[in-house]
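Letters A, B, ... mirror the listed sequences (proteins, then strands); counts begin at 1. Here the structure is a predicted model, which is why all the values come from computation and not from measurement.
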Amino acid sequence: MKDEFFANLDLAELYQATYETFYMTILSLIGTFIIGILLGLLLYLTAKDGIWQNKVINWIVAAFVNIFRAIPFIILILLLFPFTNFLIGTVRGPNAALPALIIGAAPFYARLVEIGLKEVDKGVVEAAKAMGAKTSTIIFKVLLPESMPALVSGITVTAIALIGYTAMAGVIGAGGLGNYAYYFGFQRRAFDIVFVCSVAIIVIVFIFQFIGDYIANKLDKR
Amino acid sequence: MYTDVFLFACRKAFFNGYFLTEEASDVIKIDSLTKEFSIGEKKLTAVNDLSLEIQSGEIFGIIGYSGAGKSTFIRLLNRLETPSSGSVTIGDKQITTLSKKDLRNARQDIGMIFQHFNLLWSRTVQDNIAFPLEIAGVGKSERQKRVQELVDLVGLTGREKAYPSQLSGGQKQRVGIARALANRPNVLLCDEATSALDPETTNSILDLLVSINKKLGLTIVMITHEMHVIRKICDRVAVMEKGSIVEQGDVLEVFSHPKMPVTKKFVKQVMGDTDEDEAEMNQLFQNENNRNVLRLHFIGETTNQALISQLAKKFDIDLNILQGKITQTQRGAYGTLFVQLIGDQHEIDKAVQYIDEQTSVEMEVVENER
């Protein structure tokens, strides 16, 4: 049956492409999670009536986030070519996609983090202050744990956007399922490959969504 | 007298876990405290040149309608709000001039409970109570021991592993109280602590606060808009209006002789409308053949609460209770009773004389103008 309907498909290549997609998604997700939370915290803490209320820093971070969120991802990759080249030493392959993926997704996630933090009950923060908590204690023992379900569902949404980004990055040489579908499928008129790659990506998206929902539900004791 | 003070100090020191040589050291002194907010161009004075002294070991209530500035006031005490001017001294620490680090340490000695409990939903009951101990840097084994003591103290034994969402409002406030007491504070600030609870739960929480006050010798400052709360547990009360204290004193004193209109309104909350009642009563006495009606005024009665039965036993008369309301405060009973004495006029006169001379109940013969 495989030879009949999927004559062009090479399972080893499909496996390699799927692995690369996972590799790019997971590594960029880790980077996005860390940088996104840092930026989101900065946005939240420096906002008006925040613990570190600071108009200038808030304006700078907000501007950075807005600018990088505004640039379409495919253009962002091209724009970041010199930076990637400097950082990774090449502009091809899964590793070269990481800086662009992280810089593309982190600002988006930062906004989700900010929204999540704003949902934390102000009274609980006040109670922690009344107990004599330091700002670091408030961040790590109140703000982050209390917003964790929102942070997890936010990173799930971001992960799915990132899977889409890896496919786009694949088209300009980053590897992964996007790369496989475009070069080996579309350009060689092997539509069976395009089809199989689509299915593989859908399955990956479902896996991420399922894991994200499961963790967010588990964490939520409200 | 001195022994009493000394014993009290010892008890306090024992419960606080260390020895206080100066008993008077944890009085709260508030001196011309002012807090202004600016909303755009407008300036709003939430607390206006407020001075107050709160004694060690007492339950001090501050009552006022919403917008009176009491919420801001209680937040100025532990500097959750920074005052515009004036000073707050708790014990030997001047809260208003402390550095950030010293303020954090000082706050560990000031417990606070809130209207909406403000528990961390992500933590269990025991972890919520352990939170202030974590902040204070208490070691794990000692923390567990202390948490168990507190859980038992507030009556939540068996619910240690529950999450706040699984608790009722009253239980949540108990967690709040346990959390506030974790670091053995000298002062407990209550921010409308019972306003989100139903009347029955309110009473159980108030009872808990009184027992803690007695057991630990803790000074409690509470703000509320419910006179019922003041009546039930406070020793002294201050009435706040437009950022200032318009009247203050012993709860009974304020109850029996309210001066300001706002205070009278609050007293009405608990006692009903006494002016109206009296007018009604006078009407009744004039219309019917009612004689020998007395108005008995109980103010802080603890010895003469059984007055009615005493009269019936001592004198050959019948007593007919016409109308009245007696309520209990921390300093004894308070209220007014209208009674009619029936029987031989000679016996009645003796009874009246007895009330007047032998008891501390204030009495007034209601004149029959017929």
Side-chain angles (χ1 to χ4, degrees), chain A residues 33 37 40-41 44-55 112-113 115-155 212-222, chain B residues 37 71 74-75 77-81 98 100-125 127-137 161-167 172 175-176 179-183 185 187-192 196:
Chain A
F33 187 70
I37 283 183
L41 271 172
Y44 174 81
L45 294 171
T46 59
K48 196 169 172 292
D49 296 326
I51 298 174
W52 292 339
Q53 182 174 343
N54 187 320
K55 248 187 182 160
L112 297 181
V113 171
I115 292 168
L117 292 172
K118 276 184 180 164
E119 296 287 305
V120 174
D121 186 356
K122 301 269 179 305
V124 178
V125 177
E126 187 180 48
K129 280 187 197 165
M131 287 177 228
K134 283 186 278 206
T135 303
S136 61
T137 311
I138 293 177
I139 292 173
F140 290 107
K141 294 201 165 181
V142 179
L143 289 175
L144 294 181
E146 291 281 298
S147 62
M148 202 42 89
L151 300 187
V152 171
S153 40
I155 202 70
D213 287 351
Y214 179 79
I215 296 174
N217 269 329
K218 264 271 171 226
L219 287 171
D220 203 340
K221 311 284 188 195
R222 277 172 291 195
Chain B
F37 291 105
S71 237
I74 203 157
R75 280 167 177 72
L77 295 186
N78 59 359
R79 233 171 90 188
L80 285 174
E81 296 278 2
L98 291 176
K100 274 192 172 176
K101 187 166 174 289
D102 291 339
L103 176 64
R104 282 202 302 268
N105 287 328
R107 279 174 176 171
Q108 291 174 10
D109 292 330
I110 307 169
M112 189 169 188
I113 57 175
F114 303 87
Q115 179 174 7
H116 298 296
F117 325 121
N118 296 351
L119 304 176
L120 286 90
W121 63 257
S122 57
R123 286 174 172 238
T124 57
V125 167
D127 291 346
N128 262 294
I129 299 173
F131 188 38
L133 298 168
E134 288 169 26
I135 291 171
K161 297 219 156 48
Y163 283 94
S165 61
Q166 300 164 319
L167 302 178
K172 283 182 197 166
V175 179
R179 182 176 72 172
L181 297 177
N183 283 320
V187 176
L188 178 66
L189 307 176
C190 307
D191 174 21
E192 297 271 9

Fill in the blank from the handout: The interface call for B:Arg179 against chain A, heavy-atom contacts under 4.5 Å, is side chain
Practice task
Go through B:Tyr163, B:Phe117, B:Phe114 and name the one with the most non-hydrogen pairs under 4.5 angstrom from chain A.
Solution key: B:Tyr163
Completion exercise
chain A shares the most heavy-atom pairs under 4.5 Å, among B:Lys101, B:Gln108, B:Arg107, with B:Arg107
Problem - Minimum heavy-atom distance A:Asp121-A:Gly123, with the two atoms named - result: OD1-N, 2.9 Å
Practice task
State whether the number of non-hydrogen atoms from other residues, nucleotides or ligands found under 6.0 Å of A:Tyr214 atom OH is greater than 12.
Solution key: no
Practice task
Please tell me if the side chains of B:Asn183 and B:Asp109 come closer than 4.5 Å, counting only heavy atoms from C-beta onward.
Solution key: no
Completion exercise
chain A shares the most heavy-atom pairs under 4.5 Å, among B:Asn78, B:Leu120, B:Ile135, with B:Leu120
Exercise for the section: Answer with side chain, backbone, both or neither: which region of A:Lys122 has an atom nearer than 4.5 Å to a non-hydrogen atom of chain B? Expected result: neither
Practice task
Determine the minimum heavy-atom distance between B:Cys190 and B:Ile74, stating which atoms define it.
Solution key: O-CD1, 3.4 Å
Practice task
Go through A:Ile51 and A:Tyr44 one step at a time and tell me if the side chain to side chain contact (heavy atoms under 4.5 Å, CB included) criterion holds.
Solution key: CA-CA 9 Å; A:Ile51 298 174; A:Tyr44 174 81; 5.7 Å; no
Practice task
For the pair B:Leu77 and B:Ile110, evaluate side chain to side chain contact (heavy atoms under 4.5 Å, CB included) and give the outcome as yes or no after the intermediate values.
Solution key: CA-CA 9 Å; B:Leu77 295 186; B:Ile110 307 169; over 6 Å; no
Handout entry: Toward chain B: residues of residues 130-140 of chain A with heavy atoms under 4.5 Å
Key = A:Ala130, A:Met131, A:Gly132, A:Ala133, A:Lys134, A:Thr137
Handout entry: Portion of A:Val125 that has a non-hydrogen atom of chain B nearer than 4.5 angstrom
Key = neither
Practice task
Would you give the length of the straight line joining atom CG of B:Leu119 to atom CZ of B:Phe131, rounded to the nearest 0.5 angstrom?
Solution key: 11.5 Å
Completion exercise
In terms of heavy-atom pairs under 4.5 Å with chain A, the winner among B:Arg75, B:Met112, B:Arg123 is B:Arg75
Exercise for the section: Show your working on side chain to side chain contact (heavy atoms under 4.5 Å, CB included) between A:Leu151 and A:Val113 and close with a plain yes or no. Expected result: CA-CA 6 Å; A:Leu151 300 187; A:Val113 171; 3.9 Å; yes
Handout entry: 4.5 Å side-chain heavy-atom contact, B:Ile113 and B:Leu189
Key = no
